[in-house]
Amino acid sequence: MTTQKAIPLSGLARRLVRDDIINDDVAHSAFQDASKEKTPFVSFLVRNQLADGRRIAEAASDEFGTPLLDLSTFNMEVVPADLVDSTLISKHHTLPLYKRGNRLFIAVSDPTNLRALDEIKFNTGVNTDAILVEEGPLADAIKVYLDNAEGVGGGLDDLDDAGLDDLDIEAVTDDDKSNDDDSEADETPIVRFVNKVLLDAIKGGSSDIHFEPYEKSYRVRFRTDGILHEVAKPPNNLSGRLAARIKVMSQMDISERRIPQDGRIKMKLSKKRSIDFRVNTLPTLWGEKIVLRILDPSSAQMGIDALGYEPEQKQLYMDALSYPQGMILVTGPTGSGKTVSLYTGLNILNTPETNISTAEDPVEINLEGINQVHVKPKVGLGFPEALRAFLRQDPDIIMVGEIRDLETAEISIKAAQTGHMVMSTLHTNSAAETITRLLNMGVPPFNLATSLNLIIAQRLARRLCSHCAEPADIPKETLLQEGFLEEDFEGMSIKKAVGCSKCANGYKGRVGIYEVVKITQAISRIIMEEGNSIQIDDKAREEGFNGLRRSALIKAKNGLTSLEEVNRVTKD
């Protein structure tokens, strides 16, 4: 965040500074950044952990004389449904609580948000009054309200009723092929079981579902927060019928069991929300193993603040997105969140004035307003062919799913040098290794040095549960050996995983760990001299860009993840 003191503080921001809840610099920069992102000031502070939500609420109540309500004591069943449009609730970060006569009482975390009250009053024709609540519980309540309004909550919570038979599930295919032999898989118990597994995975926030046959057993596993865990062991003799059902759902050839197949499934949870599954089958010794990758389009709408960038890293990414040309590369292993990082950037750039085209294998998240191409090398539509076509269609921004070979790399770099913004991914472990990988592919050093703007290397670490995490008692000498610096001990909040009913073994959700490196003149010089990854990495640290390990330690210092998790996802 950048400090801007030209605008004097007023209202709630001034009170928070006066009460030492935030300092003057944080107040100015947060106010400015919240305005740019069109995010409520209080929401921005709490979401970025710049201030405690309870203290903000108490100060606001005292400053403006607005009653403070503890949402945990409120009966959410009395919340009026369909009275206020969902778009207004999302836009203004408010929640209608109850209606008394011709007055509607609205929960807000910032009582100065008069525009929200006025707009809701205009749209409903009912007078509005503000009731102050804490930001964290308000955000949770709004999410639950909106999910229920879309019909998502009921479908996920009531998994055992007859609705499992009637879920709106369809295959997503590129060809007009169909299967006539559906009899093998059209069995109600099998249908119900598979539908329940899919819904359970969505409800639990899983990223993958594994159906695995063995000689004497069969198991179903979910990957949640990056860790696989077993959820079901159906009878082994159902292996073929389960595989057939999933293949019918994704319109694969159920008679072909000798070769791998790919397909897609779309599950409509409501009129506004659907989930895609990318399906792959693999013939194994005891039957077909099937893995479904869950693709939730809403993950691209989370916003950059939800990804876990440190403030200076976020600013580097935002600056790079504002450049008219050049290349942004996101690197990391499979499952490290590269796609979500890229799509978050594309979502920021997605405006009516911008022509955006993507070439992907496969297209994972559908975004309105972006021209997405599923490359098919078998029919002559690979990444190079798609890129050449893009360059004839007046593009502003091009996204390449992955740079796999020299031809794709050269066309991407040429586009970046001729007035286009190019975004792509590579499977490398660090920013420095990304550069040497491209050089080893055969990309000329000068072209690489003059086209690269930014490299983001990333991992995903499990986030500690906010309800049960406890302070960890770790000796200072051990922390220093792990890589902490002396200055880190001031304000350190190292915590450990415990485990409770609201999490999985002490963790809930994930947070990004990033190495964000801007290609400076000094790094460009090393590239043109064909320096190795060690030289580039040393220069990046010298230029002030944190490596993955250092970024992970900062997350642990702030209590977002544990030291054990840091050691799991990063190394010295």
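All heavy atoms count here, side chains included; hydrogens, waters and symmetry mates do not.
- Side-chain N or O atoms of Tyr317 include one that pairs as donor or acceptor with a backbone N or O of Ser341 at under 3.5 Å.
- Within the 4.5 Å cutoff, side-chain heavy atoms of Asp488 are placed close to those of Leu485.
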Exercise for the section: Could you give me the CA-CA distance, side-chain angles and deciding distance for Met441 and Ile403, then say whether side chain to side chain contact (heavy atoms under 4.5 Å, CB included) is met? Expected result: CA-CA 10 Å; Met441 275 187 187; Ile403 294 178; 4.2 Å; yes
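- A donor and an acceptor atom, one from each side chain of Asp262 and Asn280, are located under 3.5 Å apart.
- Between the CD atom in Glu482 and the CG atom in Asn567 there is a gap of 4.5 Å [rounded to 0.5 Å].
- Sorted by first and then second residue, the pairs that involve residues 558-570 and meet salt bridge (Lys or Arg N to Asp or Glu O under 4.0 Å), not counting sequence neighbours, are Arg462-Glu565, Glu565-Arg568.
- Each salt bridge (Lys or Arg N to Asp or Glu O under 4.0 Å) pair with one or both residues in residues 520-531, not counting sequence neighbours, would appear here, but there are none.
- A donor-acceptor pair under 3.5 Å links the side-chain atoms of His420 to the main chain of Ala415, judged by distance alone.
- Screening residues 380-415 for ring pair (Phe, Tyr, Trp, His ring centres under 6.0 Å) gives no qualifying pairs among residues at least two apart or on separate chains.
- There is no side-chain donor-acceptor pair under 3.5 Å between Ser357 and Gln393.
- Applying the 6.0 Å contact sphere to CG of Asn505 captures no more than 12 heavy atoms from other residues, nucleotides or ligands.
- Panel note: side chain Gln372, backbone Glu360; no donor-acceptor pair is recorded below 3.5 Å.
- A 4.5 Å side-chain heavy-atom check between Leu292 and Leu198 finds at least one atom pair inside the cut-off.
- Applying the side-chain hydrogen bond (donor to acceptor under 3.5 Å, both in side chains) criterion to Gln535, with sequence neighbours excluded, gives no partner residue.
- The local environment of CZ in Phe446 is sparse, with at most 12 non-hydrogen atoms from other residues, nucleotides or ligands closer than 6.0 Å.
- Put simply, the side chain of Gln325 does not reach to within 4.5 Å of the side chain of Met421, judged on heavy atoms.
- In this structure a side-chain-to-backbone donor-acceptor pair under 3.5 Å is present from Asn350 to Glu368.
- For residues 553-562, the pairs satisfying salt bridge (Lys or Arg N to Asp or Glu O under 4.0 Å) are Glu310-Lys555, with sequence neighbours left out.
- Atom CD1 of residue Ile435 and atom CD1 of residue Ile523 lie 6.5 Å apart, to the nearest 0.5 angstrom.
- Take Tyr514 and apply the ring pair (Phe, Tyr, Trp, His ring centres under 6.0 Å) test, not counting sequence neighbours, and it matches Tyr309.
- Side-chain N or O atoms of Asp405 include one that pairs as donor or acceptor with a backbone N or O of Glu407 at under 3.5 Å.
- For the residue pair Asn355 / Asn371, a side-chain donor-acceptor distance below 3.5 Å is found, with atom types taken as modelled.
- Salt bridge status for Glu515 with Arg541: present, with a side-chain N to carboxylate O gap under 4.0 Å.
- With Lys247 contributing its side chain and Glu256 its backbone, the two residues share a donor-acceptor pair below 3.5 Å.
- A distance-only check finds no donor-acceptor pair linking the side chain of Ser206 to the backbone of Thr224 [under 3.5 Å].
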